[in-house]
Amino acid sequence: MGRVRITMRALALIGLIAVFVPLHYLYRTFAYGSPFPMLFLRYAARVCGAKVEVIGTHLRRDVFYVANHISWIDILALAGASGTAFVAKAELEASPVVGWLASLNRTVFVKREHRMGVAEQINALKEALVDNWSVTVFPEGTTTDGQSLLPFKTSMLSVLEPPPPGVLVQPVVLDYGPVAEWIGWIGEEGGLNNAKRLLARKGTFRLRLHYLEPFSPEDFRGRKAISHESRRRIEETLLEVLCRPLREFAHTVPPVRYEPRVDGERVD
């Protein structure tokens with residue numbers, strides 16, 4: 001049954017691409033700011049099993065979202081809810097399908113190890129914000145298990161030194177509830193294995209997006225202070241959601257293997 005679910009969900013995703021991508025390009029011949037990437041990602045999250053619930057009110061423009069990071073489904077859910085663009089690793093741009101889809105959603109690709117290009121990357125982020133986009137960063141730099149929160153890397157917050165006029169920072173908490181550890185893309189698990197696991201999962205799961213109170217980066221001096229305030233608010237909300245202390249993230253968590261199920265087997 002696991003393979004059947006993968007096939008059905010993969011076909012549904014292909015169907016969404018077949019519908020929304022032509023509509024996107026058609027729309028772009030007449031106007032700027034197509035709504036179809038956001039709609040595609042919203043429905044793609046649903047096809048993958050996520051029932052997204054938005055808690056709080058997200059700003060619609062001139063906003064820099066800062067979020068914790070658990071899965072690639074985070075991107076589908078956040079963009080589907082708000083239409084945000086993302087900061088992503090440059091390697092993603094080279095992916096044949098994923099990179100192309102990411103570019104449709106105005107992703108800003110960065111090379112984290114390319115120090116000489118940091119100024120250029122910061123300029124790209126500034127252009128995105130000046131263009132009234134919302135931009136999302138995952139400052140942990142990797143996905144975790146939903147029970148932890150890594151130190152924030154501040155390099156991509158340099159765009160807020162000084163902040164573009166009128167731009168606010170809004171922290172966001174992604175909460176997968178009891179399935180967070182299973183959903184999380186952690187350890188040495190490969191991307192294809194993780195995608196198979198998630199697409200093979202029976203039923204749906206709830207993903208709550210907590211949009212926290214925004215704040216002005218002008219009230220904090222520099223990216224480190226902005227990062228500290230964002231992380232403080234995210235950690236505070238995670239503690240409320242989990243009802244227990246955060247734990248240290250185990251970087252060496254063994255990967256969960258995708259194992260196709262046979263008819264009659266129980267799938268959690």
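Computed over heavy atoms, backbone and side chain alike; hydrogens, waters and symmetry mates excluded. The first residue of the sequence shown is numbered 1, and numbering continues consecutively from there.
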Thr237: what forms a side-chain hydrogen bond (donor to acceptor under 3.5 Å, both in side chains) with it, not counting sequence neighbours? none
Please tabulate, for the side chains in residues 209-222, all donor-acceptor contacts under 3.5 angstrom to protein atoms that are two or more places apart in sequence or on a different chain.
residue	atom	partner	partner atom	Å
Ser216	OG	Glu218	N	3.2

Exercise: identify the closest heavy-atom pair between Thr143 and Ser71: CG2-N, 3.8 Å
Between Tyr25 and Leu39, is there a shared hydrophobic cluster once you connect ILVMFWY residues whose side-chain heavy atoms come closer than 4.5 Å? yes
Pair Asn194-Trp72, side-chain donor/acceptor within less than 3.5 Å: yes
Co-membership, hydrophobic cluster, residues Leu13 and Leu11, 4.5 Å side-chain: no
Is the shortest side-chain heavy-atom distance between His58 and Val63 below 4.5 Å? no
Looking at side-chain heavy atoms only, is the closest gap between Leu59 and Ser134 below 4.5 Å? no
Check ion pair Glu181-Arg247 (N to O, under 4.0 angstrom): yes
Would you say that Asp145 contacts Ile70 through its side chain, given a criterion of any heavy-atom pair below 4.5 Å between the two side chains? no
Identify the heavy atoms of Arg201 and Arg9 that sit nearest to each other, and give their distance. O-NH1, 2.8 Å
Going through the distances and angles, do Leu149 and Glu140 end up as a side chain to side chain contact (heavy atoms under 4.5 Å, CB included)? CA-CA 8 Å; Leu149 191 64; Glu140 290 173 284; 3.5 Å; yes
Checking Thr204 against Arg46 for the side chain to side chain contact (heavy atoms under 4.5 Å, CB included) test, could you report, in this order, the C-alpha distance in whole Å, the side-chain angles of both residues, the deciding distance, and whether it holds? CA-CA 8 Å; Thr204 61; Arg46 186 67 180 84; 3.4 Å; yes
Interatomic distance, Ser148 atom OG to Glu235 atom CD [nearest 0.5 angstrom]: 11.0 Å
In sequence, state the C-alpha distance, the side-chain angles, and the governing distance for Phe64 and Leu168, and then conclude on side chain to side chain contact (heavy atoms under 4.5 Å, CB included). CA-CA 6 Å; Phe64 197 89; Leu168 297 178; over 6 Å; no
What are the two closest heavy atoms between Phe152 and Val66, and how far apart are they? CE2-CG1, 3.9 Å
Contacts satisfying side chain to side chain donor-acceptor pair (under 3.5 Å) that involve residues 159-177 (not counting sequence neighbours) are Asp74-Tyr176, Glu161-Arg223
Nearest heavy-atom approach of His69 to Thr142 is CB-O, 3.7 Å
If you round to the nearest 0.5 Å, how far is NZ of Lys153 from CZ of Phe138? 14.0 Å
Pairwise side-chain contact, Pro139 with Thr154, heavy-atom cut-off 4.5 Å (strictly under): no
Hydrophobic clustering (ILVMFWY, side-chain heavy atoms < 4.5 Å, transitive) - are Val172 and Val241 grouped together? no
Of all heavy-atom pairs linking Leu239 and Pro245, the shortest is CD2-CA, 3.8 Å
Okay, side chain of Ser82, backbone of Ala79: is any donor-acceptor separation there less than 3.5 Å? no
Would you kindly confirm whether Met38 and Tyr27 end up in one hydrophobic cluster when ILVMFWY residues are joined by side chain heavy atoms under 4.5 Å apart? no
Should Arg5 and Met8 count as side-chain neighbours, where that means a heavy-atom distance under 4.5 Å? no
Taking atom CZ as the centre, does Phe36 end up with more than 12 heavy-atom neighbours from other residues, nucleotides or ligands that are less than 6.0 angstrom away? yes
Could you please spell out the steps behind the salt bridge (charged side-chain N to carboxylate O under 4.0 Å, His left out) verdict for Arg233 and Glu236? CA-CA 5 Å; Arg233 296 186 184 204; Glu236 186 178 85; over 6 Å; no
Backbone N or O of Leu174 within a donor-acceptor pair of the Asn68 side chain at under 3.5 Å? yes
Between Thr136 and Tyr65, is there a donor-acceptor pair closer than 3.5 Å when you use the side chain of the first and the backbone of the second? no
Heavy atoms only: give me the nearest Gly146-Ala180 pair and the separation to one decimal. CA-CB, 4.1 Å
Given the rule in the side chain to side chain contact (heavy atoms under 4.5 Å, CB included) test, do Phe86 and Leu78 qualify, once you have shown the distances and angles that lead to the verdict? CA-CA 10 Å; Phe86 292 88; Leu78 287 167; 3.8 Å; yes
Hey, could you give me the CD1/CG distance between Ile183 and Leu198, rounded to the nearest 0.5 Å? 4.0 Å
Looking at CG of Leu16 and CZ of Arg42, how far apart are the two atoms once the value is rounded to the nearest 0.5 Å? 12.5 Å
Using a distance-only test with no angle check, is there a side-chain donor-acceptor pair under 3.5 angstrom linking Ser34 and His24? yes
Interatomic distance, CG@Leu246 vs CD1@Ile234, rounded to 0.5 Å, equals 11.5 Å
Can the positive tip of Arg197 be found less than 6.0 Å from the middle of the six-membered ring of Trp185, inside 45° of the ring normal? no
Identify whether Phe40 and Val19 are in the same connected component of the hydrophobic contact network (ILVMFWY, side-chain heavy atoms under 4.5 Å). yes
Measuring from Leu207:CG to Cys48:SG, what's the distance to the nearest 0.5 Å? 11.5 Å
